[in-house]
There are 2 protein chains.
Amino acid sequence: MRTVYEKADVVPMIAEIFRDLGYEGTSLSRITERTGLGKGSLYHFFPGGKEEMAATVLAEVDGWFERFVFEPLRRDDPAQGIATMWAAVDDYFRSGGRVCLVGAFALDETRDRFATAIRGYFARWIEALRDALVRGGRDPADAALDAEEVVLGIQGALVLARALGDPAVFTRALDRLKDRL
Amino acid sequence: MRTVYEKADVVPMIAEIFRDLGYEGTSLSRITERTGLGKGSLYHFFPGGKEEMAATVLAEVDGWFERFVFEPLRRDDPAQGIATMWAAVDDYFRSGGRVCLVGAFALDETRDRFATAIRGYFARWIEALRDALVRGGRDPADAALDAEEVVLGIQGALVLARALGDPAVFTRALDRLKDRL
DNA sequence: CGTTCTCTGTACCGAACGGTAAACTGAAGT
DNA sequence: ACTTCAGTTTACCGTTCGGTACAGAGAACG
């Protein structure tokens, strides 16, 4: 029996592993056991090894947010774009049951390895949200602070929800942030 | 030449390593090179190995917050206790230049290993702050949400400050939270 | 059929991992 | 002086790490 994968099937599985275990906690053997792929296949898809796997995963996460969060914020009318963002965020983070890969990578020395990808993700999120708020009539200086506060609040809510083992913390925080905008 | 340490000198050094590298990223060899202690000394102080080192470090961080944040919140008059908290937090996290060990441990599977310590740290913080707010006259239901929001906001600010490489994010967030209470 | 190309399985490498054992050093206690 | 004991040093253990090499499987195409 021989199961054949394509790279596109593999990336989300690996993403979930990095999300659960962090960069250093993720070993090739954990990846092989959770994906069913041998090292040969893994290195066929990712010649750069573990670092390329993580970089690809980061790019995929970034792509998802770009398409379902940042772009709607830029393109749609402000209220609509922001509503899309709330729904997408709640969905993506499974209402607090899932953690942010990019945020997790940011906390330890893994950040240095992927600094530009990590910075870019958050910077574009904040910028897109700020611009939407400004287009919606908010004072530019306030909008910048509000956007920062929303993104930071989401990250903090994920940390706290997981620390307390209580996803409801995330839902509550999201509601509060929603009300404030 | 023979340098002799006491355990009390060693714990803060190890704490800083775990903070920088995370649990999985911290190896005994990194600890020996950054502390100057050989494995023998390390295992003399911590017979339980790496896990006991991390547990000790968590307990020390918890002790610090208990003494300089949670206790003042419970003991002092509310406004004073909260003021002490802001100063201690800003000081401890080096105005955004340092990350929260407990929050970092919470994000990956390391949380499972130290679940009760991690949950306890955040639960006691939120509880102490909530009670101080109630004693200060805030409606109990609002106080609970506000306390949660403050602790979560601090964690999020640390994540975002480090992700963007900009400690000012932390300072700004702290000011905002301060104003809101 | 034969070739080509993508993907897989397995065996292997040196290095680093967490951890152990035991001999040693030096100061304090008697 | 002799013991005791906290702390150090060094060598070593088995395992796992990330990474490599390479033969083989199987569909696609001529």
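In what follows, chains carry the letters A, B, and so on, assigned in the order in which the sequence lines appear, proteins first and then strands, with residues in each chain numbered from 1.
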**Q** In whole angstrom, what separates B:Leu37's CG from D:dA6's C1'?
**A**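 My rounded result for the distance is 13 Å.
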**Q** What about A:Lys39, does its side chain sit under 3.5 Å from the base of D:dG19 through a donor-acceptor pair?
**A**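 Yes, a donor-acceptor pair under 3.5 Å.
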**Q** Side-chain N or O of A:Ser29 less than 4.0 angstrom from OP1 or OP2 on D:dG18?
**A**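 No, outside the criterion.
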**Q** Just how far is it from atom CG of B:Leu101 to atom CD of B:Glu16, taken to the nearest 0.5 Å?
**A**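 With rounding to 0.5 Å, CG (B:Leu101) is 8.5 Å from CD (B:Glu16).
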**Q** Below 4.0 angstrom, N of the basic side chain to O of the carboxylate: do B:Glu148 and B:Arg130 qualify?
**A**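 Judged by the 4.0 Å cut-off on N to carboxylate O distance, B:Glu148 and B:Arg130 do not form a salt bridge.
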**Q** Please report the distance, rounded to the nearest Å, between CD in A:Glu24 and C1' in D:dG18.
**A**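 A:Glu24 atom CD is separated from D:dG18 atom C1' by 11 Å.
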**Q** Just how far, in rounded Å, is P of C:dG18 from CD of B:Glu33?
**A**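 Going from B:Glu33 (CD) to C:dG18 (P), I get 12 Å.
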**Q** Using atom CZ of B:Phe46 as one end and atom P of D:dT8 as the other, report the distance to the nearest whole Å.
**A**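 Distance, rounded to whole Å: 11 Å.
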**Q** Name the nucleic acid region contacted by B:Ser27, choosing base, sugar-phosphate or nothing; use a 4.0 angstrom heavy-atom cut-off, strictly under.
**A**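 The answer is sugar-phosphate, as B:Ser27 gets under 4.0 Å only of primed atoms, P, OP1 or OP2.
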**Q** For A:Leu42 and D:dA21, what is the distance between atoms CG and P respectively, to the nearest whole Å?
**A**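 The distance from CG of A:Leu42 to P of D:dA21 comes to 17 Å, rounded to the nearest Å.
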**Q** As a test of understanding, state which of B:Arg30, B:Arg34, B:Arg98 forms a salt bridge (Lys or Arg N to Asp or Glu O under 4.0 Å) with B:Asp20.
**A**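 One option only clears the test, and that one is B:Arg34.
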**Q** What's B:Gly40 touching, base or sugar-phosphate or nothing? Going by heavy atoms closer than 4.0 Å.
**A**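 It contacts base atoms.
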**Q** Whole-Å distance between D:dC17 P and A:Tyr23 OH?
**A**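 That distance rounds to 14 Å.
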**Q** Under 4.0 angstrom, heavy atoms only, what part of the nucleic acid is B:Phe45 near: base, sugar-phosphate, or nothing?
**A**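 It contacts sugar-phosphate atoms only.
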**Q** Roughly, in whole Å, what's the span from CD1 in B:Ile31 to P in C:dC17?
**A**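 Going from CD1 in B:Ile31 over to P in C:dC17 covers 11 Å.
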**Q** Could you work out which one of D:dA6, C:dC17, C:dG19 sits closest to the side chain of B:His44?
**A**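 Looking only at heavy atoms from C-beta outward on B:His44, the closest nucleotide is D:dA6.
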**Q** Do we get B:Lys50 above B:Phe18's six-membered ring, with its NZ or CZ under 6.0 Å from the centre and within 45° of the axis?
**A**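 Ring-cation test returns no.
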**Q** Could you tell me how far apart B:Tyr43 (OH) and C:dG18 (P) are, to the nearest whole angstrom?
**A**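 Atom-to-atom, B:Tyr43 to C:dG18, this comes out as 8 Å.
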**Q** Categorize B:Thr26 for me: base, sugar-phosphate, or nothing, with a 4.0 angstrom heavy-atom threshold over every strand shown.
**A**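 Sugar-phosphate contact only.
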**Q** So A:Phe68 and A:Trp64, would you call those rings parallel, tilted or perpendicular, with 30° and 60° as cut-offs?
**A**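 If you compare the ring of A:Phe68 with that of A:Trp64, the planes turn out tilted.
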